[in-house]
Amino acid sequence: MLEETEAGEAGKTRRIVLATLAFLVFAAVATANHEMWRDEHHAWLLARDAASPIQLFENLRWDMTPGFWHFLLWIVTRFTHDPAAMQVLNLAFATAAAWTVFRFSPFDFRIRLLIVFGYYLGYEYATISRVYALGVLFIFAICALWERRREHAVGIGILLTLLANTPSLYGVIAAGFFLLLILVELLQETETRKPALVSLLIGGVGTLGALIQTLPRGDNPFASGKVTAGLEFLRIERVVHFLASIFVPLPDASRYDWWNSNVVTGRSVALDAAIAALGVGMVIWLLWRSRSLLASWLVAAAGVMFAAYQGGFVGMRHGGYVVILLVAAL
């Protein structure tokens, strides 16, 4: 019996290693054939041209993003000025996120393959060298520790702080998703209050600091004139299209600028609204047995939609966090 168990464990380990290597090769080929965009080079140049971490954070004052990713790039640029190093770093984070899914997630292995090789992790976060792959890694790492969060209260709090300080506003939203769950636990259970309070305090302070960094300053030309307290049909239509596209991430490969395109959505507001409603309804059905999880996901999704409405942040890399948090909830 012991030999059968050991053989089974060895088979699982072999399968995880092979699947992770397959993802690494898949993502490496895609990355090698990806011509880096202006916003990728922008982060690299900010880090490269900063004489010190203090100057780096000063230069980030118009970017509306925390500086953890840029700080990592700053360290790398002390050794090389080749931006391909940024691609290697991002690929390492994406591969680590894939391994975490293969190793720790409770899904059937075929579902794990779909998650890892899907559009979001396989392309948006692995191929494009931005801050988002590192944030996904932190999300999955928190999930891996979640069942033992009482023993790893400090670790959960640190991971929440790192998550909030990584993928711009979406890291703050993702950290808020977990903080809401911890808050519910703190209010409902007496035996786990101390570790929950530790995680909440560490993660809460880190998330608040990240949120302050993401808020636009008064002299920020990018945010100027975008924020509104009114209801505008064009903005609502944009958000509905965005939410629908999140649930069916199927780019139009016939287009030269196929990224952020979609072969299903965008044909009519009614169709987009139906797809969006169906997607949200599916999530409600999946998470109905855990109302705290459902409520936390709905708040996080609303945060992403609010950013889309106010700032026009409707890239698939932004919306992908709605799906990643759904995976985390499941």
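Note that these values count all heavy atoms, side chains included, but never hydrogens, waters or copies made by symmetry. Everything quoted here is computed from the prediction, not taken from an experiment.
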Before you tell me yes or no, could you show the steps for Tyr120 and Tyr321 under ring pair (Phe, Tyr, Trp, His ring centres under 6.0 Å), namely the whole-Å CA-CA distance, both residues' side-chain angles and the distance that decides it to 0.1 Å? CA-CA 9 Å; Tyr120 292 113; Tyr321 266 62; 9.4 Å; no

Is there a path of hydrophobic side-chain contacts, each under 4.5 Å between heavy atoms of I, L, V, M, F, W or Y residues, that connects Leu286 with Val248? no

Interatomic distance, OG@Ser199 vs CG@Leu181, rounded to 0.5 Å, equals 12.0 Å

Check residues 200-207 and write down every donor-acceptor pair under 3.5 Å in which the side-chain atom is one partner and the other belongs to a residue at least two apart or another chain.
{"from": "Thr207", "atom 1": "OG1", "to": "Gly203", "atom 2": "O", "distance (Å)": "2.7"}

Taking the side chain from Arg78 and the backbone from Arg48, do they hold a donor-acceptor pair closer than 3.5 Å? yes

Take Phe247 and Val283 through the side-chain contact (heavy atoms from CB on, under 4.5 Å) test and state the conclusion after the steps. CA-CA 10 Å; Phe247 288 113; Val283 175; 4.1 Å; yes

Can we say Glu124 and Arg130 salt-bridge, meaning some charged N sits less than 4.0 Å from an Asp/Glu carboxylate O? no

Carefully, step by step, assess Ile128 and Asp39 under the rule side-chain contact (heavy atoms from CB on, under 4.5 Å). CA-CA 10 Å; Ile128 304 172; Asp39 47 0; 5.7 Å; no

Checking side-chain contact (heavy atoms from CB on, under 4.5 Å) for the pair Leu89/Leu73: CA distance, chi angles, key distance, verdict? CA-CA 9 Å; Leu89 183 65; Leu73 294 182; 4.1 Å; yes

Test item: Thr77 side-chain N/O and Trp74 main-chain N/O as donor-acceptor pair under 3.5 Å: yes

Under a 4.5 Å cut-off applied to non-hydrogen side-chain atoms, are Thr214 and Pro66 in contact? yes

Verdict with reasoning, Asp252 to Ser254, per side chain to side chain donor-acceptor pair (under 3.5 Å): CA-CA 5 Å; Asp252 184 356; Ser254 66; 2.6 Å; yes

Any Leu160 side-chain heavy atom under 4.5 Å of Leu179 side chain: yes

Does a side-chain heavy-atom distance below 4.5 Å link Phe177 with Ile139? no

With side chains defined as the heavy atoms from C-beta onward, is the minimum distance between Met36 and Met86 less than 4.5 Å? yes

Test item: Glu185 side-chain N/O and Ala196 main-chain N/O as donor-acceptor pair under 3.5 Å: no

Please check if the side chain of Thr95 supplies one atom and the backbone of Leu24 the other of a donor-acceptor pair under 3.5 Å. no

Under the 3.5 angstrom rule, does the side chain of Asp272 hit a backbone N or O of Gly266 as a donor-acceptor pair? yes

Centroid-centroid under 6.0 Å between Trp99 and Phe104 rings: yes

Less than 4.5 Å apart, any side-chain heavy atom of Arg235 and any of Arg238? yes

Ring centroid separation for Phe102 and Phe109, is it under 6.0 angstrom? yes

Answer yes or no: does atom CZ of Arg61 have more than 12 heavy-atom neighbours from other residues, nucleotides or ligands under 6.0 Å? yes

Over all atoms of both residues, closest heavy-atom pair of Val304 and Phe242: CG1-CE2, 3.9 Å

Could you see if Val263 belongs to whatever hydrophobic cluster contains Tyr119? Use Ile, Leu, Val, Met, Phe, Trp, Tyr and a side-chain cutoff under 4.5 Å. no

Write out all pairs satisfying ring pair (Phe, Tyr, Trp, His ring centres under 6.0 Å) with one or both partners inside residues 9-36, taking only residues at least two apart or from two chains. Phe23-Phe117, Phe26-Phe117, His34-Trp37

Do Phe68 and Leu215 share a hydrophobic cluster (ILVMFWY, side-chain heavy atoms under 4.5 Å, transitive)? yes

Under a single-linkage definition using a 4.5 Å side-chain heavy-atom cutoff for Ile, Leu, Val, Met, Phe, Trp and Tyr, are Phe107 and Val136 assigned to the same hydrophobic cluster? yes

Kindly say whether Ala126 contributes a backbone atom to a donor-acceptor pair with the side chain of Asn90 at under 3.5 angstrom? yes

Check whether any side-chain N or O of Thr161 sits under 3.5 Å from a backbone N or O of Gly157 as a donor-acceptor pair, and report yes or no. yes

Considering only heavy atoms from C-beta outward, does the side chain of Phe178 approach that of Cys143 to under 4.5 Å? yes

Looking at every non-hydrogen atom in both residues, tell me the closest pair between Gln213 and Gly67 and how far apart they are. OE1-N, 3.6 Å

Can you find a pair of side-chain heavy atoms, one from Leu169 and one from Met64, that are under 4.5 Å apart? no

Beyond-backbone contact of Leu330 with Leu326, side-chain heavy atoms, under 4.5 angstrom: yes

So Tyr132 and His318, would you call those rings parallel, tilted or perpendicular, with 30° and 60° as cut-offs? perpendicular

Do Leu278 and Met282 pass the side-chain contact (heavy atoms from CB on, under 4.5 Å) test, and can you show the C-alpha distance, the side-chain angles, and the key distance before you say yes or no? CA-CA 6 Å; Leu278 185 63; Met282 176 194 69; 5.8 Å; no

Can any side-chain N or O of Thr166 pair as donor or acceptor with the backbone N or O of Leu134 at less than 3.5 Å? no

Taking atom types as modelled and ignoring hydrogens, do the side chains of Asp49 and Gln55 form a donor-acceptor contact shorter than 3.5 angstrom? no

Polar side chain donor-acceptor pair, Thr65 to Asp63, under 3.5 angstrom: no

Would the distance check show the side chain of Asn262 and the main-chain N or O of Thr265 forming a donor-acceptor pair, the cut-off being under 3.5 Å? yes

For residues Leu231 and Met305: do they belong to one hydrophobic cluster (side chain heavy atoms under 4.5 Å, members Ile, Leu, Val, Met, Phe, Trp, Tyr)? yes

Report yes or no: is the cationic atom of Arg317 (NZ for Lys, CZ for Arg) under 6.0 Å from the centre of the six-membered ring of Tyr125, at an angle within 45° of the ring normal? no

Mark yes or no: Arg291 above the aromatic ring of Trp288, with NZ or CZ under 6.0 Å from the six-membered ring centre and no more than 45 degrees from the axis. yes

List, by chain and then residue number, the residues other than Val25 in its hydrophobic cluster (Ile/Leu/Val/Met/Phe/Trp/Tyr, side-chain heavy atoms under 4.5 Å); write none if there are no others. Val29

